[in-house]
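This one's a predicted model, so the numbers in the text were calculated from it and none came from an experiment. The analysis underlying the following values was restricted to heavy atoms, covering all of them including side chains, and did not include hydrogens, waters or symmetry mates. Chain A is the first sequence line, chain B the second, and so forth, proteins listed ahead of strands; every chain is numbered from 1.
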Number of protein chains: 2
Amino acid sequence: MAVPSSVSVTPTASPLFLRENEVRRGVELLFFGYTRLTRAIDEGLAEQGLGRAHHRALYFIARQPDLPISTLLKILAITKQSLGRVLTDLGDRGLVETRTGNVDRRQKLLRLTPEGIQFEAQLFDALRSSLASAYAAAGQESVTGFWRVLEGLIPAKDKAMVVALQKDM
Amino acid sequence: MAVPSSVSVTPTASPLFLRENEVRRGVELLFFGYTRLTRAIDEGLAEQGLGRAHHRALYFIARQPDLPISTLLKILAITKQSLGRVLTDLGDRGLVETRTGNVDRRQKLLRLTPEGIQFEAQLFDALRSSLASAYAAAGQESVTGFWRVLEGLIPAKDKAMVVALQKDM
DNA sequence: GAAGATGGGACAGCCATATTGACGTATCTT
DNA sequence: AAGATACGTCAATATGGCTGTCCCATCTTC
């Protein structure tokens with residue numbers, strides 16, 4: 001992709017970005033795309049009596065084992081109480097376990113149990129199959145653009161958090 | 001994953017679409033991008049004592065004036081009861097009005113009142129400013145890719161509905 | 001014209017997921 | 001020793017979904 005990141009944005013393209021229809025198209029595609037992707041895993045979650053909130057926690061714990069609760073709270077941007085219930089449910093089902101932090105003993109580090117790893121992988125398969133087919137249909141250049149636009153939607157103050165998740169890529 | 005060793009594989013070829021990190025990146029960017037975009041309008045909604053469910057209805061009514069309720073139900077994919085409460089709230093605030101269909105008198109066609117138009121436009125401004133800056137930062141080619149991938153996430157049976165929204169583009 | 005399908009409204013009750021505010025305990029920092 | 005931080009927990013509340021049931025008006029079909 002030839003986007004001159006070192007150069008100031010060229011004004012020639014700017015009329016496009018101010019037109020209402022382009023914005024509405026993005027809003028709608030994001031709405032439908034996001035909701036359809038999340039629906040792909042509802043069935044698997046329901047089998048365990050879990051909801052989407054549980055999956056979000058499961059997902060980020062899978063992504064960053066030994067994640068402290070405070071970090072997960074920042075990622076999910078929900079309250080401690082809301083997350084508490086979710087983690088209790090996941091713990092009760094033997095999907096998530098905690099260990100006391102060795103650097104800071106106040107922390108509880110979250111990780112998936114073997115059963116949790118397997119369950120998350122099963123849910124992830126549904127996400128992968130949806131996204132992989134969308135990627136394949138759109139082509140690699142489109143995927144890069146897809147990422148770039150979404151990155152632009154994330155406020156600067158949150159960007160470090162997202163980058164941290166992807167540092168191993 | 002079995003890659004035929006007789007074929008030379010470039011790092012950008014099809015295996016890209018099966019690799020876990022690319023999928024996880026998409027999942028995460030969609031999550032953060034979508035949630036951040038929706039947060040952009042929460043404040044404006046709260047001023048009216050409304051929530052995101054109200055905005056979704058408002059948005060699609062703005063997009064397709066004289067929309068029958070049954071169509072809106074398909075778009076939002078929620079139950080009649082859930083939508084009913086939302087529409088009652090919007091009607092009570094004088095943002096939405098209904099008229100009896102002239103083709104089919106059982107139908108109630110939804111449209112925004114002048115106040116509703118103004119309010120939706122105000123919320124839309126927040127969406128526009130977020131999306132427009134993401135578009136501008138990513139560049140026009142990226143925007144096309146962004147659309148393409150999201151379109152690929154929408155199941156075939158829903159695609160006609162989305163296209164219908166955008167037929168005037 | 002009668003029967004059935006469809007569009008819409010309304011009742012009651014339930015569930016999942018989020019919120020605020022307050023308070024307690026263990027541990028780390030200064 | 002004092003204060004900040006990480007985590008847990010209580011109680012109360014709001015939002016936005018859901019199911020099931022029943023109703024009425026209107027359109028379609030035979």
Side-chain angles (χ1 to χ4, degrees), chain A residues 31 34-35 38-39 41-61 66-93 96-111, chain B residues 31 34-35 38-39 41-61 66-93 96-111:
Chain A
F31 170 69
Y34 182 77
T35 60
T38 57
R39 271 179 214 170
I41 57 170
D42 283 350
E43 195 180 326
L45 284 166
E47 282 171 15
Q48 294 272 331
L50 299 174
R52 287 176 191 173
H54 301 95
H55 177 250
R56 289 195 286 272
L58 214 50
Y59 179 95
F60 287 110
I61 297 169
D66 287 332
L67 189 72
I69 287 184
S70 57
T71 304
L72 186 54
L73 279 173
K74 280 175 202 150
I75 291 172
L76 297 175
I78 59 176
T79 59
K80 201 167 44 160
Q81 294 75 0
S82 298
L83 180 58
R85 262 174 312 135
V86 167
L87 292 179
T88 299
D89 293 341
L90 293 175
D92 287 350
R93 281 168 181 74
V96 165
E97 61 186 8
T98 63
R99 39 183 87 178
T100 301
N102 40 9
V103 177
D104 184 338
R105 289 176 44 78
R106 291 171 305 178
Q107 290 185 326
K108 286 195 181 173
L109 306 183
L110 298 161
R111 54 165 54 222
Chain B
F31 170 69
Y34 182 77
T35 61
T38 58
R39 269 179 215 170
I41 56 170
D42 282 351
E43 196 180 325
L45 285 166
E47 282 171 14
Q48 293 273 332
L50 300 174
R52 289 177 190 173
H54 300 96
H55 176 250
R56 288 195 287 273
L58 213 50
Y59 179 94
F60 288 109
I61 297 169
D66 287 333
L67 190 69
I69 289 184
S70 57
T71 304
L72 186 54
L73 279 174
K74 281 174 200 151
I75 290 172
L76 297 176
I78 58 176
T79 59
K80 201 167 47 161
Q81 294 76 1
S82 298
L83 180 58
R85 265 176 313 166
V86 168
L87 292 179
T88 299
D89 293 343
L90 294 174
D92 288 350
R93 281 166 180 75
V96 166
E97 62 187 6
T98 62
R99 40 184 85 179
T100 300
N102 39 10
V103 176
D104 183 336
R105 290 176 43 79
R106 291 171 304 179
Q107 290 186 326
K108 286 194 177 171
L109 307 182
L110 297 160
R111 54 166 55 222

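Atom CG in A:Leu90 sits about 14 Å away from atom P in C:dA16, given to the nearest Å. The CG-P distance, from B:Leu76 to D:dG17, rounds to 8 Å in whole Å. With rounding to whole Å, A:Lys80 atom NZ is found 17 Å from C:dA18 atom P. Put simply, CZ on B:Arg105 is 16 Å from C1' on D:dT28, counting in whole angstrom units. As rounded to whole Å, 13 Å separates atom C1' of D:dT5 from atom CG of A:Leu73. As a whole-Å value, the separation of A:Leu72 CG from D:dG8 C1' is 15 Å. In this structure, A:Leu50 places its CG atom 16 Å from P of C:dC15, rounding to the nearest Å. Here C:dT25 presents its C1' atom at 12 Å from CZ of A:Arg106, a figure rounded to the nearest Å.
Backbone-only contact: B:Arg52 has heavy atoms under 4.0 Å from sugar-phosphate atoms and none from a base. Residue-level contact check: A:Gly51 touches the backbone only, with heavy atoms under 4.0 Å from sugar-phosphate atoms and none from bases. Within 4.0 Å of B:Ser70, counting heavy atoms only, lie sugar-phosphate atoms of the nucleic acid but no base atom.
A distance of 4.5 Å separates CD1 in A:Ile61 from CG in A:Leu110, rounded to the nearest 0.5 Å. Annotation: the span from B:Leu72 atom CG to B:Arg56 atom CZ amounts to 11.0 Å, rounded to 0.5 Å.
A donor atom on one side chain and an acceptor atom on the other are not found under 3.5 Å apart for B:Thr35 and B:Thr38.
Listed nucleotides: D:dC18, C:dG9, C:dT27. Nearest to the side chain of B:Arg85: D:dC18. Checking C:dT20, C:dA10, D:dG17 against every side-chain atom of A:Thr79, the shortest atom distance belongs to C:dT20. Closest to the A:Gln107 side chain, of the nucleotides D:dG16, C:dG9, D:dC7, is D:dC7. Of the candidate nucleotides D:dA6, D:dA11, D:dT26, D:dA11 has the atom lying nearest to any side-chain atom of A:Gln81. Closest to the side chain of B:Ile78, from the set C:dG8, D:dC7, D:dG17, is D:dG17. Across D:dG17, C:dT19, D:dG8, the shortest atom-to-atom separation from the side chain of A:Ser82 is found for C:dT19.
Of the two residues near DNA chain C, A:Gly101 and B:Thr98, the one whose nearest nucleotide lies more 5' is B:Thr98.
A distance-only check finds no donor-acceptor pair linking the side chain of B:Thr71 to the backbone of B:Leu67 [under 3.5 Å].
When all heavy atoms are compared, the tightest approach of A:Leu83 to A:Ala57 is CD1-CB, 4.5 Å.
At the phosphate of D:dT15, neither OP1 nor OP2 sits under 4.0 Å from any side-chain N or O atom of B:His54.
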